[in-house]
**Q** 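Sharing a structure here in structure tokens format.
Just so we're on the same page: letters track the sequence lines, and every chain starts at 1. This one's a predicted model, so the numbers in the text were calculated from it and none came from an experiment.
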There are 2 protein chains.
Amino acid sequence: MSSRPASFDELDRKIVTALMENARTSFAEIGAEIGLSSTAVKRRVDRLRETDVITGFTATVRPSALGWRTEAYVEVYCEGAAPPRRLAEVVRGYPEITAAMTVTGGADALLHVRARDVEHFEEVLERIRAEPFIRKTISVMVLSHLIPESPEAGAALLAPDDAGDAG
Amino acid sequence: MSSRPASFDELDRKIVTALMENARTSFAEIGAEIGLSSTAVKRRVDRLRETDVITGFTATVRPSALGWRTEAYVEVYCEGAAPPRRLAEVVRGYPEITAAMTVTGGADALLHVRARDVEHFEEVLERIRAEPFIRKTISVMVLSHLIPESPEAGAALLAPDDAGDAG
DNA sequence: TATGAAAGGTTTACCTC
DNA sequence: GAGGTAAACCTTTCATA
């Protein structure tokens, strides 16, 4: 079983893996590794971008190196029915909220928050709690990471074919 | 207040921002935008990599395009004292676990899990629950994202100086 | 930090399969 | 549809100052 587009083959997989490991690898180098010309690699990358399999290329930074040392998840409980669109608007106003999603369970939403320190986090939390339709929040502070937050953290998504499948 | 290294200046900030927006931007192009030669940009990027401010360059993919359509957070409760090192070993055995951290609150750890579908997620969860020292898990399924999981999701970490500061 | 030249990468057009 | 080659153009790297 595979849910990838039919056109996603082994070569595409190798190209995406290479670009996840180092987004600045040249098409020529990738081509040399997989037996394709740089032109052919470029064409495939262009296609992968057009079909939104690859959504972009980014530099990964160590947040603590930039002074962001506090990280937490905040469960949000809303008054009455929480309209996701309204929540999305609110959430976009906070640069400290780096991810936000609606979830199953008691909470309506889960926010990932980064702050410079605990004082800063408290200030952000107070602002969030002051939003009109937010009834309650429960915060879970991140203490340490058991897996390095590496650039290739998602590379397992590209295991040869159906790795991770229940089999 | 800023916790960045003293040597991290406005030009570095602009360089990192440019590379987070597109990790394949040429040094010449970045230089033209900020008034530096491509050589100078390269030197700064090399230094930012050496000091681990930039930890890598990666292609961002849309997991659903690769057939990973189910996402959940799993709170893990351990028997007795949970040794983070032991937990870290276990967690590394699962390609489906894309992030894992120790946290405050009732749970000992929080796992971010990606699976192909709900069946696959259930299978992963069963394997996790069968690990010797895991007592209990609570799963929270992700329904929808309120913020796009964009390549530049972390760009707010680089706001001009102290954006997001309590002020 | 700037310059210039060599090496190498990217892009386009055209060709084959 | 797929990939290859060649040429023009651009980027990177390195030596030099």
**Q** Should the heavy atoms of other residues, nucleotides or ligands under 6.0 Å from CD of A:Glu122 be counted, would the total exceed 12?
**A**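 Counting other residues, nucleotides and ligands, CD of A:Glu122 stays at 12 neighbours or fewer.
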
**Q** Within less than 4.0 Å of OP1 or OP2 of D:dG3, is there a side-chain N or O belonging to A:Arg44?
**A**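 Indeed, a polar side-chain atom of A:Arg44 lies that close.
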
**Q** Any donor and acceptor pair, going by atom type alone, linking the side chain of A:Arg114 with main-chain N or O of A:Glu71 inside 3.5 Å?
**A**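 Answer holds: no.
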
**Q** Minimum heavy-atom separation for B:Leu146 and A:Ala109, please, with both atom names.
**A** CD1-CB, 4.3 Å

**Q** How close or far is atom P of D:dA2 from atom CZ of A:Arg47, stated in whole angstroms?
**A** 6 Å

**Q** When the distance from CZ of B:Arg43 to P of D:dA15 is rounded to whole Å, what number comes out?
**A**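 About 13 Å, once rounded to whole Å.
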
**Q** On DNA chain D, compare the nucleotides closest to A:Leu11 and B:Ser38; which residue's is nearer the 5' end?
**A** A:Leu11

**Q** Choose from C:dG9, D:dG3, C:dT1 the nucleotide whose nearest atom is closest to any side-chain atom of A:Ala28.
**A** C:dG9

**Q** Would you say a side-chain N or O of A:Lys42 is under 4.0 Å from OP1 or OP2 of C:dT10?
**A** no

**Q** Select from A:Thr25 and B:Ser37 the residue whose nearest nucleotide in DNA chain C is closer to the 5' end of that strand.
**A** B:Ser37

**Q** Taking atom C1' of D:dT13 as reference, at what distance in whole Å does atom CD of A:Glu29 sit?
**A**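 Taking atom C1' of D:dT13 as the reference, CD of A:Glu29 is at 15 Å.
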
**Q** Could you tell me whether the side chain of A:Arg24 has a donor or acceptor atom within less than 3.5 Å of a complementary atom in the base of C:dG9?
**A**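 No, no donor-acceptor pair under 3.5 Å.
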
**Q** Roughly how many Å is it from CD in A:Glu33 to P in C:dG9, rounded to a whole number?
**A**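 Rounded to whole Å, this separation is 12 Å.
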
**Q** Indicate whether OP1 or OP2 belonging to C:dT1 is found under 4.0 Å from a side-chain N or O atom of B:Thr39.
**A**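 B:Thr39 to C:dT1 OP1/OP2: no side-chain N or O under 4.0 Å.
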
**Q** Could you tell me the separation between the CZ atom of B:Phe27 and the C1' atom of C:dG9, rounded to a whole number of Å?
**A**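 It is 13 Å, rounded to the nearest whole Å.
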
**Q** When you compare the side chains of A:Arg62 and B:Thr55, does any donor N or O come within less than 3.5 Å of an acceptor on the partner?
**A**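 No.
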
**Q** Within the structure shown, what part of the strands sits under 4.0 Å from B:Ser26 by heavy-atom distance: base, sugar-phosphate, or nothing?
**A**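 Sugar-phosphate: the residue B:Ser26, judged by heavy atoms under 4.0 Å, touches backbone atoms but no base.
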
**Q** Could you check A:Tyr73, A:Trp68, A:Tyr94 and say which one makes a ring-ring contact (aromatic ring centres under 6.0 Å, His included) with A:His112?
**A**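 Between A:His112 and the candidates, ring-ring contact (aromatic ring centres under 6.0 Å, His included) is satisfied uniquely by A:Tyr73.
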
**Q** How many Å lie between CG on A:Asp46 and C1' on C:dT11, as a whole number?
**A** 10 Å

